[in-house]
Number of protein chains: 2
Amino acid sequence: MTDTTDLTLVTLKDVAREAGVSIATVDRVLHGRPGVRKVTVQRVEETIARLGFRPHAAAAELARGRSYRLCFVMPKSLNVFMAEIQENVLRERAWLTARRTLVDIVETDVFDPSALTETLEDVGRRYDGIAVVALDHPRVRAAIDDLVEAGVQVVTLVSDVPSSSRAHYVGIDNIAAGRTAGALIGRFVGDRKGKVAIVAGSMALSDHTDRFVGISRVMASDFPDLELMMPVEGRDDDATNQTLTARLLEETPDLVGIYNIGAGTAGIGTALSDAGRADDIVFVGHDLTVHTRRFLLIGLMDAVISQHPGREAHSALRVLQALVRKEPISPAREVIGIDIVIRENLP
Amino acid sequence: MTDTTDLTLVTLKDVAREAGVSIATVDRVLHGRPGVRKVTVQRVEETIARLGFRPHAAAAELARGRSYRLCFVMPKSLNVFMAEIQENVLRERAWLTARRTLVDIVETDVFDPSALTETLEDVGRRYDGIAVVALDHPRVRAAIDDLVEAGVQVVTLVSDVPSSSRAHYVGIDNIAAGRTAGALIGRFVGDRKGKVAIVAGSMALSDHTDRFVGISRVMASDFPDLELMMPVEGRDDDATNQTLTARLLEETPDLVGIYNIGAGTAGIGTALSDAGRADDIVFVGHDLTVHTRRFLLIGLMDAVISQHPGREAHSALRVLQALVRKEPISPAREVIGIDIVIRENLP
DNA sequence: CTGAAAGCGCTTACAG
DNA sequence: CTGAAAGCGCTTACAG
């Protein structure tokens, strides 16, 4: 048995008595506030350590008497994945309200730097913390930096702006995600030789280019028999992707695999199915939706790379809650994994 | 933009004033405590709903003025996986202390029904909540039921006792885990025919039998060219597993895959490596450790099925914290996924 | 069946 | 530089 923690709950008052000061002074030391002599600070710190004092979180929260406002800045045109993040955030509202934390969701055109920048400038300062699905663009970076400068806690969500001063990124490593997709395609294709097609939303999006970088690297190093084709761009649109895929199937007799880097997976699935090529082409894409779930079940898709939207929503909320309260966050705990989903481990 | 939640924070006092009663009465209605006339209850409930009142969680916690004791009952002989769960629990201690929640860890022989039962009986009632790695045995079930009867909140961890009255199971669906392992082996083997060996810890453990059931089913339905061998039992021990594997390799010329259902993966890896068969045999096992991580990196293992120990520790703590406070838990949020880890998505 | 009051353990002005 | 006191919004006896 590990050392039984004893039930002696030490309070501020105990520390004050032991250290021979008032509770106000202990509080000052506890939070590193100024106006306490060095000797006193030391004496109090020693007493805190000796008694193993931990302030009661609920008491502090109540006494502080303030509330917090959080905002999620999300894409206007919601795909299923983004919608799920939203739902998860909204589902936490009651819980958050009980903790005096209010959360709004603002939709904007996150792919238009001007629109996104304006939104951030407009709504930003009305909040204590912001989670934003951010395009990596100099103006967006500047807007984020301004908010941080103004004391707003900012985390990026799903899509990062690494060069900005955001406190945290909630999302996956997209290069690794691309590598993972590539490795699965390579392994599933087996001994066959041939081409692997890439369908992207837009190569202007950093998560899409990152995934392409990932699959390119793993193909080059581990699967020399497979030839990666240049990405075609379908803007994450089902109809466009269907047309593109139909053409790819027609024009590429030795096509053995397809990797959909972005959304619009349903369109590709339809084209594959229509062409009767579901069985001989390895098809891997992103994000678990009603469509990809069905495709996995019927064997049309071989694997889905997923970043758990619920987990991302919660991580963003947890991190923002800690940040606005100046509490520490443990990054290790907030790592978002790259989930591989096949028919057998469908949640 | 979703409806901006307004900052008007309604308190008990507001509700009391509006409903024309005292705050004590509102509190009674809020918690469904007896001693309030039906009419009054209705009036108060209506007011609560109308004002959208949500009690301040921190205030309630402080006023309640009580602390909670939790206990994790874990296997005495710690494998890496169990050790990681423990570490994650211990790492939360400071955070939990600030929330007046104390957590102890008790180690026992969870594979011996008598020892486990005795431990549960001995330590159980000293706690408000217990997480237990439980052998599925009638005596263990009875001990759990007794604790629940006595008002202790019990969750099972990693290994479930489904027929008991435990409030929640924190762990994966092991049949699905076995199916997943089988599907990966089948896909990775490709067009080759041959045998797949199964190494288990003990077929007396329900998680091990469940996984075997899973792989058996998927092999029968999806991979008719592969023949599943009868499980050999190595008690999760490296040395034993190494010997068993060496023998399997010698005696089975057409061996194409190995599935290690339990721990002791290092022993199997050594045997494979010694025999120079790392490349032509697909090897899948469970749980991410220093060993399996290395095996993935050097290509000795093809995939690891993992149940995130950190996630399980946190889920157990979160669920227990909610249960002892009589707060609702959302099971959907607590689902532990079956993680597929290959070299490319190693965390 | 209902209410007035004390108190949980902090933080926040305010006074000195 | 330090302390006394009010107050955050609940819950808990206690009184009636």
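Just so we're on the same page: letters track the sequence lines, and every chain starts at 1. As the structure is a prediction and not an experimental result, all values here were calculated from the model.
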Please give me the minimum heavy-atom distance between B:Phe72 and B:Ala313, naming the atom from each residue. CZ-O, 4.5 Å
Side-chain N or O of B:Thr25 versus OP1/OP2 of C:dG3: is the shortest distance under 4.0 Å?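 Yes, within the criterion.
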Under the salt bridge (charged side-chain N to carboxylate O under 4.0 Å, His left out) rule, what do A:Lys38 and A:Glu45 come out as? Steps first, then yes or no, please. CA-CA 10 Å; A:Lys38 253 189 208 143; A:Glu45 278 176 342; over 6 Å; no
DNA chain D contacts made by residues 36-50 of chain A, counting heavy atoms under 4.0 Å: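 Nucleic-acid contacts, sorted: A:Val36, A:Arg37, A:Thr40.
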Protein-nucleotide distance ([X], atom [atom1]; [N], atom [atom2]), rounded to Å:
| X | N | atom1 | atom2 | result |
| --- | --- | --- | --- | --- |
| B:Arg54 | D:dC10 | CZ | P | 12 Å |
| A:Arg33 | D:dG3 | CZ | C1' | 14 Å |
| B:Leu30 | D:dG9 | CG | C1' | 12 Å |
| B:His31 | D:dA13 | NE2 | C1' | 16 Å |
| A:Asp14 | C:dC10 | CG | C1' | 13 Å |

Interface polar pairs with nucleotides 14-16 of chain C, N/O, under 3.5 angstrom:
none

Modelled atom types, side-chain donor and acceptor of [X] and [Y], under 3.5 Å:
| X | Y | result |
| --- | --- | --- |
| B:Thr47 | B:Glu18 | no |
| B:Gln86 | B:Glu107 | yes |
| B:Thr119 | B:Asp122 | no |
| A:Arg28 | A:Ser22 | no |

Sequence-distant partners of A:Arg64, salt bridge (Lys or Arg N to Asp or Glu O under 4.0 Å), two or more places apart: A:Glu61
Does anything in residues 142-161 of chain B pair up under salt bridge (Lys or Arg N to Asp or Glu O under 4.0 Å), and if so which pairs, sequence neighbours excluded? B:Asp160-B:Arg166
Any carboxylate oxygen within less than 4.0 angstrom of a Lys/Arg side-chain nitrogen, looking at B:Asp136 and B:Arg141? no
Basic-acidic side-chain contact under 4.0 Å: B:Arg66, B:Asp128: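 A salt bridge links B:Arg66 with B:Asp128.
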Tell me whether A:Arg93 forms a cation-pi arrangement with A:Trp95, defined as NZ or CZ under 6.0 Å from the six-membered ring centre and within 45 degrees of its axis. no
Pick one: which of A:Arg311, A:His314, A:Arg318 meets side chain to side chain donor-acceptor pair (under 3.5 Å) with A:Glu334?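 In the set A:Arg311, A:His314, A:Arg318, the residue that makes a side chain to side chain donor-acceptor pair (under 3.5 Å) with A:Glu334 is A:Arg318.
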At 4.0 Å (heavy atoms only), tell me whether B:Arg66 reaches a base, stays on the sugar-phosphate, or touches nothing. nothing
Reckon A:Ala24 touches a base, only the sugar-phosphate, or nothing at all at heavy-atom distances under 4.0 Å? base
Bracket string, DNA chain C, 5' to 3' - pairs by Watson-Crick or G-U geometry under 3.5 Å, | interstrand: |||.||||||||.|||
Is it true that, when you exclude A:Arg91 itself, more than 12 heavy atoms of the residues, nucleotides or ligands shown sit nearer than 6.0 Å to its CZ? yes
Might you list the N or O atoms of the protein lying below 3.5 Å from N or O atoms in nucleotides 6-8 of chain D, with each pair's distance?
residue : atom : partner : partner atom : Å
D:dC8   : O2   : A:Ala63 : N            : 3.3

